[in-house]
Amino acid sequence: MEIPEINKDRLLRDLNAVSRIGLGEGGSVTRLVFSVHELRSRQLLVHLMNRAGLEVHVDAAGNIFGRLSGEREGPAVLAGSHLDSVVQGGRYDGPVGVIGALEAVRTIKESGVRLPVPLESVCFVGEESSRFGFATLGSSLVAGDVTMDDFANAVDAGGARLEDVLSSFGIYRENLASLKRDPKTVKAYLELHIEQGPVLESKKKKIGVVTAIAAPSRFRVIFRGQADHSGTTPMEMRKDALVAAGYLITYVDEVCREHASEDKGRVVGTVGAIKVEPGVINAIPGRVELQVDVRSITAASKRKVAGLIKKRARRIARERGMKVEVLTIREEEPVALHPGVISLIRAVCEEREVPFEVMPSGAGHDAMQMAKITPTGMIFIPSTNGVSHNPTEWTDPEDICLGTQLLVEALLRAAHAEI
Ligand code: HGY
Ligand code: MN
Ligand code: MN
């Protein structure tokens with residue numbers, strides 16, 4: 001079958017257009033889910049999909065599906081990612097997969113090739129955990145893997161609760177399940193994404209064929225000490241919540257380094273956010289809230305280390321005569337991707353003689369939710385210096401074009417294959 005060639009200029013032009021939404025200092029991008037910038041980026045995508053002549057559907061949560069019908073209206077092959085970002089993030093994490101999928105589907109449409117099944121380019125809302133601590137929101141709703149109870153501790157820095165934001169879109173406890181996509185309407189899901197790590201670059205490979213996705217244990221730890229006068233309170237009488245938090249932050253680093261090796265599960269752990277109250281120079285911190293993110297490709301190691309951290313939090317509080325509360329935001333299981341889709345992506349690389357690496361993903365992705373309802377695979381392209389979630393995030397345009405071109409071929413094969 002003749003493989004249609006993507007329009008590289010159009011792909012890079014549209015990717016640049018998205019990158020200018022939420023642009024900040026030092027070329028950073030901030031498009032937190034349901035912010036004006038993130039909504040604007042999804043509005044742009046709907047416009048691009050309409051211009052491409054796709055049949056556009058937007059669900060109540062804001063997930064966007066641009067459909068190219070096939071000869072039969074059977075289960076569709078989907079490809080996509082997300083447009084929301086972290087705070088002061090890079091321009092490629094997410095948009096490469098959304099605009100890449102759009103470019104792949106519109107390239108196939110323009111070629112006149114009629115596929116046996118429909119194709120859909122997809123954008124999921126709220127993939128990043130940056131605003132509410134809860135990741136892969138849109139794809140979790142599509143996969144039907146969440147209830148409103150799962151959002152109990154999903155709160156943003158300003159105190160806005162995810163449940164309340166969803167209700168402002170007409171999404172309530174009783175109709176949340178209606179966002180689930182019937183798995184019978186999906187044949188497979190593919191996601192093109194930057195690697196966000198150093199492996200491809202260090203091994204001089206152009207493509208990552210992803211086998212599995214690490215999963216997080218994410219939780220809040222709240223130390224409640226006693227706010228007091230920083231000048232009059234003797235050291236032995238203090239219940240300084242920030243000092244307690246400091247001991248825990250150091251412990252997270254230590255215990256994850258102890259479990260960082262391959263045989264210990266390659267655990268990583270981060271305390272990425274902290275809130276100090278009252279947070280002024282002349283008052284002893286009375287309340288400190290930490291957000292903890294522990295991940296591994298092995299569920300047992302992740303659970304073990306998360307348990308050690310929670311245990312240490314309680315010990316620190318006890319020893320320092322204060323209270324501590326541990327609130328689970330989300331417990332996820334690592335996900336193995338589909339062998340049939342993995343071999344399909346490998347075959348595309350082998351036939352095009354593109355140097356590839358078969359590898360796991362340390363980062364989370366919408367693919368981990370879609371893998372719960374349909375055969376799923378991921379294509380990685382290199383991240384320069386392995387950097388991501390950082391304004392200097394960079395992927396060579398030629399690598400973006402190569403990844404998108406391979407996505408075209410993978411979609412064509414997935415449309416015809418028995419998966
Ligand atoms: O945080 C992550 O794993 C991804 O960037 N959403
Ligand atoms: Mn990310
Ligand atoms: Mn991402």
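Computed from a prediction, not measured in an experiment: that's the story for all the values here. Order of appearance sets the numbers: ligands from 1, and atoms from 1 within every ligand.
- Shown here are the side-chain hydrogen bond (donor to acceptor under 3.5 Å, both in side chains) partners of R266, two or more places apart in sequence or in another chain: E262.
- Around the Mn ion (ligand 3), the protein atoms of type N, O or S found under 2.8 Å away are H82 NE2, D93 OD1, H193 NE2, listed by chain and number.
- Counting heavy atoms from C-beta on, the side chains of I274 and L242 come closer than 4.5 Å.
- There is no side-chain donor-acceptor pair under 3.5 Å between E195 and S383.
- Ion pair R173/E163 flagged as a salt bridge, since at least one NZ, NE, NH1 or NH2 atom sits closer than 4.0 Å to an Asp/Glu carboxylate oxygen.
- In terms of the side-chain hydrogen bond (donor to acceptor under 3.5 Å, both in side chains) criterion, residue partners of H259 (sequence neighbours excluded) are, by chain and number, K304.
- More than 12 heavy atoms of other residues, nucleotides or ligands sit less than 6.0 Å from atom NZ of K372.
- Under the 6.0 Å cut-off for aromatic ring centres, F151 and F132 do not qualify, their centroids lying 6.0 Å or more apart.
- Side-chain contact between H365 and T136: absent, with no pair of heavy atoms (C-beta onward) separated by less than 4.5 Å.
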One line per pair, note the atom names and distance for all nitrogen or oxygen contacts under 3.5 Å between ligand 1 and the protein.
{"from": "ligand 1", "atom 1": "1 (O)", "to": "R295", "atom 2": "NH2", "distance (Å)": "3.0"}
{"from": "ligand 1", "atom 1": "3 (O)", "to": "R295", "atom 2": "NH1", "distance (Å)": "2.5"}
{"from": "ligand 1", "atom 1": "3 (O)", "to": "R295", "atom 2": "NH2", "distance (Å)": "3.3"}
{"from": "ligand 1", "atom 1": "3 (O)", "to": "G364", "atom 2": "N", "distance (Å)": "2.7"}
{"from": "ligand 1", "atom 1": "5 (O)", "to": "E128", "atom 2": "OE1", "distance (Å)": "3.4"}
{"from": "ligand 1", "atom 1": "5 (O)", "to": "H389", "atom 2": "NE2", "distance (Å)": "2.9"}
{"from": "ligand 1", "atom 1": "6 (N)", "to": "E127", "atom 2": "OE1", "distance (Å)": "2.9"}
{"from": "ligand 1", "atom 1": "6 (N)", "to": "E127", "atom 2": "OE2", "distance (Å)": "2.8"}
{"from": "ligand 1", "atom 1": "6 (N)", "to": "E128", "atom 2": "OE1", "distance (Å)": "3.0"}

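- With contacts defined as side-chain heavy-atom distances shorter than 4.5 Å, the pair H389/D93 qualifies.
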